[in-house]
Every structure is written in C-alpha cells, then in structure tokens.
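To keep things clear, I will list the structure first and then write my remarks on it.
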4 protein chains.
Amino acid sequence: MLNIDPRSSKPIYEQIVDEIKANIVKGILKPGEKLPSVRELSKIITVNPNTVSKAYSELERQKVIDTVSGRGTFVSANYKPRDDDDRLNKIKSSIKDAIIEAYYIGLGKEDIIHIVDEAYKAMKGE
Amino acid sequence: MLNIDPRSSKPIYEQIVDEIKANIVKGILKPGEKLPSVRELSKIITVNPNTVSKAYSELERQKVIDTVSGRGTFVSANYKPRDDDDRLNKIKSSIKDAIIEAYYIGLGKEDIIHIVDEAYKAMKGE
Amino acid sequence: MLNIDPRSSKPIYEQIVDEIKANIVKGILKPGEKLPSVRELSKIITVNPNTVSKAYSELERQKVIDTVSGRGTFVSANYKPRDDDDRLNKIKSSIKDAIIEAYYIGLGKEDIIHIVDEAYKAMKGE
Amino acid sequence: MLNIDPRSSKPIYEQIVDEIKANIVKGILKPGEKLPSVRELSKIITVNPNTVSKAYSELERQKVIDTVSGRGTFVSANYKPRDDDDRLNKIKSSIKDAIIEAYYIGLGKEDIIHIVDEAYKAMKGE
DNA sequence: GTGGTCTAGACCACA
DNA sequence: GTGGTCTAGACCACG
C-alpha cells in the first residue's frame, strides 16, 4: 500500500507522510477511514515504530489525520483547504527548482506540462 | 547576486548550486564567464570557503562549470544536456510531491499550470 | 583491509574509493555487505572522519555503495554498469600514458599484455 | 603538435611532459632533434612560460631531453631504458586501477586488451 | 548509533 | 593568485 524506499535520501518518516497524503488525494484512503495502528503499519512496511509514530505526529500537525485516544487514528473528515503562504511558497520554489533541473537535462516547458499531466492522470488512474 | 538563506533546511552548498544554475538559465551568468573565486564568494555570502568549494565541486561534476587549475572557475561553454534517468525521476517525483502538497492548500491542476507559467516568465523576465 | 599510503600523491579519499572498489571486484566485499561506519574506518586507517566521508560520498555518487540514513553504508546490491564515455576516455587515456611510460623503462606491448594478465589473475586469486 | 587541454585535471606541465614523450615514442621527435625554446613553445600552445619551463626540467630530470646552455634543448640521443622499480610499480598500479574502473563500466579483459592494441596502433599510425 | 553539514584553520601544487 | 586536500571539532536529523 505504501511505497517506501529505505535507500532514498528522503527521510523515511517523510516518505510515509507523503504516501499517506497521496493515497488520500487518490481516494484510496477516504475521510473518516481508520488508519493502521503505529505498530501494525511498522510491521507492514518493516520500519521502526518510532518512525511511523513521527510520521503520524506530522500528519496530525498538518491536520490530515485525527488521533482519538484509545480508538485509533483516522483520516480527517472535515479537511478544509486554506491559504497557507508558507506552503505555497515551498511549492512554488520546488517547482522552480524542478524547472531549472529539467533545463539541464534538456527538457522545456512543454515537457514539464506533460509531466504534470501524467502526474494527474496517475492520481486518478490508480 | 546569490540568494542564500542560512536558516533554510536546504543545505547551503545546495542553495549555492541551485542559485548558480538558476542564474545561468536566466542568462545572468553567461557561458565562458568567470565565477567569483571560492574565497571571494565565501566572503560575499559570509559562508565558509569549504562550503563554497563543495558547491563548486558539485557544479563541476554536473559539467555546469569548468575549473581551470590556478586560474579560476568558469561557466561551461559547451553544456550538452544528456539523458539522465535518475535526474528525470527526481524531477517527476518532486513535481508529484508538489501536486499532492498543492491539493492540501486547495490548488488544482490549473493552478499548478499557472505556477509553471509564472516560473517560466520569471526566468525570461529577470 | 584497506591499503592506504598517506605519503602518496594520490589523495587519501581517492585511495579509499579505489581500494573499496578493488575489494568489491575481488569479491572480498560482497553485494549487500555492510561497510565499516565512517567513524570506525577513520579510526582503523587513522584518517580524519571527513576524509572517509568524502570517499563514501564519491562511492555513493558512483552507485557503488548505498547509504541508508541512520543505519550505515552497504555495498550496492544491484550495480548495473552503464555506458559512460567520460570514464571510458579516462581509462583509455591512462592506459595510453602507461604504455608511453612503459616504453621509457624498456617495456613493449607483450610486457603490457603480461601486466594486464597478472592484474586479472591477482583479482581472482586473492 | 602538442595536444594540451587546459581544463583537464592533469596539470598542464605534466600534459606537456607526456605529450613530448609520446611524440618521441611515435617518432615525430627524433633523437638529437632540437626542441622549441621555452618561450617559443609557450607562445605556440599559449601557456605560461613558467609552465613550459617546469615541463622541460622534469623531462631533463627523466633524461628524456638534454639542455645545452646557450644552444637549446634536444631530444636525448642515447636514451637507455633501464630497470626502474618505482616507475614499473606506478605503471602496474595505474593499469590495475584502469582495470577496476573498466569493470565498473562493464568492460572485461578482452576489452582492455583491445584498448591496448588500439593504443599501439595509434602510436605507429600517427 | 548512523551519516550530513558546517566552521576554522592549515598546507600544498599549479600557473 | 587559484582550487584541492586534510584535520579538528562541532551540531543536527534520522532511526
């Protein structure tokens, strides 16, 4: 379910955060749905429980999931997107970086648009 | 000239690498042009010379600049983009992450395309 | 295990890189095997940790080893040779230089072939 | 005549030394033949005279050329190859390194032999 | 515990 | 003057 690469330079806990958010966006995880417990998930993806715990804390901080003590963790039912300049700037900055990097392997604007297209298709298709 | 934020989580040497590549793409730095020496740049952006050196080494490895021993470093005159699956995958992955993140602040595909547009305009405009 | 000569003109970090690659080729280090940690190796060969770190970074860049954050570094399990014109040219050039140099101590083609033979035997023999 | 690449990581003076030795081996420069003066050569290959001077000193040290004060420098007439363990070991070591490196771009023994062949042909052909 | 980054300061070869 | 290497010692994130 979660695609984790322990050899990546991206920290594992961050990969978990991103994968869960991706699954929610894709509709694989639905609002209100229960997530596996820290222990369960750590076994499934063979990762240190502390790492999963850190990922869940981060997701909770971002209000993507809710933890009900003694009951478990759930995908937030009432997530409301709101303006967040910090995050918007990070997104812009990472897209800018990607564009520069693309230039250096010979890709132009059309290629970037195409990659964006593909990414959206993958989100709906899966 | 270079916009360095020492508090960013992105390593300083990487910021230097990215900024220089951005300046080349924008045409602010031209092929064959001499870059500031390691010691000069380290003074300008108040960073340790080793950090600048690390950035320059990385740029040299990527064939973005040439270092001529004893003479200095220069923007590569004959940069040829090559296929590089690893870098392409990194670009795709970072765009995918940006799209997910965008969803969480309420942005959709059109907004992403708009951001890409803006980024390209900024590159040519500056 | 690693044969390092601090008085050599070849940089120490490069010696470490070459020795480790040689040990992998010889089969002394096997795919997936854990390498000594940066601090360990630095003590073993009495060299500054930064120097070992630089060597490991270079090996990682060449995809010879994988570093798993917080866990250590490992011999790459799935190394796939790829075409690399730059490296091929370096090899050709260093062989050409060796041949010229050999001429000056009275060695001809047969002697070079013999040296190549010996080198291959040493690789398998050890 | 001399093929110098100022962007190479190999020092320029060393490139000059190697190129001159290569030309002697190839027969382009014959024993007893006069070499260009330091000033002349430095103009021809657009290099600092000090650099050429350093190259000539090194060649003289290796008894490849002779300097007759006031008359110029000449290719040694009576070069006698002799055993030189130091240089032999360097040659062996650099061939060993080349073989390891070759392994990592997927080349085997036959390929190396082929490269040696080519190098010898190039020496006679030019 | 692991590796990654950064600073400070030194020495060296090269041009 | 230039960049390259190395040491010593520090701090940090990750697991």
Side-chain angles (χ1 to χ4, degrees), chain A residues 4 6-16 42 46-55 58, chain B residues 4 6 8-16 34-42 46-60 65-74, chain C residues 4 6-16 34-42 45-60 65-74, chain D residues 4 6-16 42 46-55 58:
Chain A
I4 303 299
R7 300 177 331 189
S8 163
S9 64
K10 189 197 276 187
I12 292 174
Y13 87 92
E14 216 172 306
Q15 291 183 51
I16 297 173
S42 73
T46 55
V47 147
N48 192 303
N50 294 329
T51 307
V52 176
S53 182
K54 185 166 186 179
E58 176 62 18
Chain B
I4 304 298
S8 164
S9 65
K10 187 196 278 189
I12 295 174
Y13 84 92
E14 220 171 282
Q15 292 182 52
I16 298 172
K34 190 176 182 305
L35 291 170
S37 79
V38 168
R39 290 165 177 84
E40 276 170 15
L41 185 51
S42 75
T46 53
V47 149
N48 190 284
N50 287 330
T51 305
V52 176
S53 184
K54 188 171 184 179
Y56 277 16
S57 302
E58 176 62 18
L59 285 165
E60 157 112 66
I65 64 175
D66 291 318
T67 73
V68 184
S69 51
R71 298 251 323 274
T73 49
F74 303 83
Chain C
I4 303 299
R7 297 173 323 181
S8 164
S9 66
K10 188 196 277 187
I12 295 174
Y13 84 92
E14 221 171 281
Q15 292 182 51
I16 298 173
K34 190 177 183 304
L35 291 170
S37 79
V38 168
R39 290 166 176 85
E40 276 170 15
L41 185 51
S42 75
I45 58 181
T46 53
V47 148
N48 190 284
N50 287 331
T51 306
V52 175
S53 184
K54 188 171 183 179
Y56 277 16
S57 302
E58 176 62 19
L59 285 165
E60 158 112 64
I65 65 175
D66 290 318
T67 74
V68 184
S69 52
R71 298 253 321 275
T73 51
F74 302 82
Chain D
I4 304 298
R7 299 177 331 189
S8 164
S9 64
K10 188 196 278 187
I12 293 176
Y13 89 92
E14 216 172 305
Q15 291 184 51
I16 297 173
S42 74
T46 53
V47 147
N48 192 304
N50 293 329
T51 306
V52 175
S53 183
K54 185 166 186 179
E58 176 60 19

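Throughout, a chain's letter reflects where its sequence line sits, starting with A, and its residues are numbered from 1. As the structure is a prediction and not an experimental result, all values here were calculated from the model.
Atom pair C:Arg7:CZ and F:dC6:P shows a separation of 15 Å (rounding to whole Å applied). Atom-to-atom, CD of C:Glu58 to P of E:dG4 comes out at 13 Å; the value is rounded to the nearest Å. B:Ile4 places its CD1 atom 15 Å from the P atom of E:dT5, with the value rounded to the nearest Å. Atom CG of C:Leu59 and atom P of E:dG4 are 12 Å apart (whole Å). Straight-line distance from the CG atom of B:Asp66 to the P atom of F:dG4: 12 Å, rounded to whole Å. In this structure, the NZ atom of C:Lys34 is 6 Å from the P atom of E:dT2, given to the nearest Å. At whole-Å resolution of the value, CG in B:Leu41 and C1' in F:dG1 are 17 Å apart.
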In the 5'-to-3' direction, what one-character label does each nucleotide of nucleotides 10-15 of chain E receive under the scheme B = base within less than 4.0 Å of a protein heavy atom, S = sugar-phosphate only, - = no such atom?
----BS
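When all heavy atoms of B:Gln15 and B:Lys10 are compared, the pair lying nearest together is NE2-O, 2.9 Å. Taking all atoms of both residues into account, the shortest heavy-atom contact from C:Ser53 to C:Val38 is N-CG1, 4.1 Å.
Applying the side-chain contact (heavy atoms from CB on, under 4.5 Å) criterion to A:Ser42, with sequence neighbours excluded, gives A:Pro49, A:Val52. Qualifying side-chain contact (heavy atoms from CB on, under 4.5 Å) partners for B:Tyr13, counting only residues two or more places apart in sequence or in other chains: B:Pro11, B:Thr51, B:Lys54, B:Ala55. With sequence neighbours excluded, the residues satisfying side-chain contact (heavy atoms from CB on, under 4.5 Å) with B:Lys34 are B:Phe74. Annotation: side-chain contact (heavy atoms from CB on, under 4.5 Å) contacts of B:Arg39 (sequence neighbours excluded): B:Ser37.
The distance from atom CG of B:Asp66 to atom CZ of B:Arg71, rounded to the nearest 0.5 Å, is 11.5 Å.
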Would you write the dot-bracket representation of DNA chain F, where each base gets (, ), [, ], | or . depending on whether it forms a Watson-Crick or G-U pair under 3.5 Å and with which partner?
||||||||||||||.
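No side-chain donor-acceptor contact under 3.5 Å links B:Glu58 to the backbone of B:Glu14.
Here A:Val47 lies out of heavy-atom contact (under 4.0 Å) with every strand. Note on C:Gln15: nothing from the nucleic acid sits closer than 4.0 angstrom, heavy atoms only.
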Could you go step by step and tell me if B:Thr73 and B:Leu59 meet the side chain to side chain contact (heavy atoms under 4.5 Å, CB included) rule?
CA-CA 10 Å; B:Thr73 49; B:Leu59 285 165; over 6 Å; no
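Regarding contacts with the backbone of E:dG3, every side-chain N or O of C:Thr67 stays at 4.0 angstrom or more from both OP1 and OP2.
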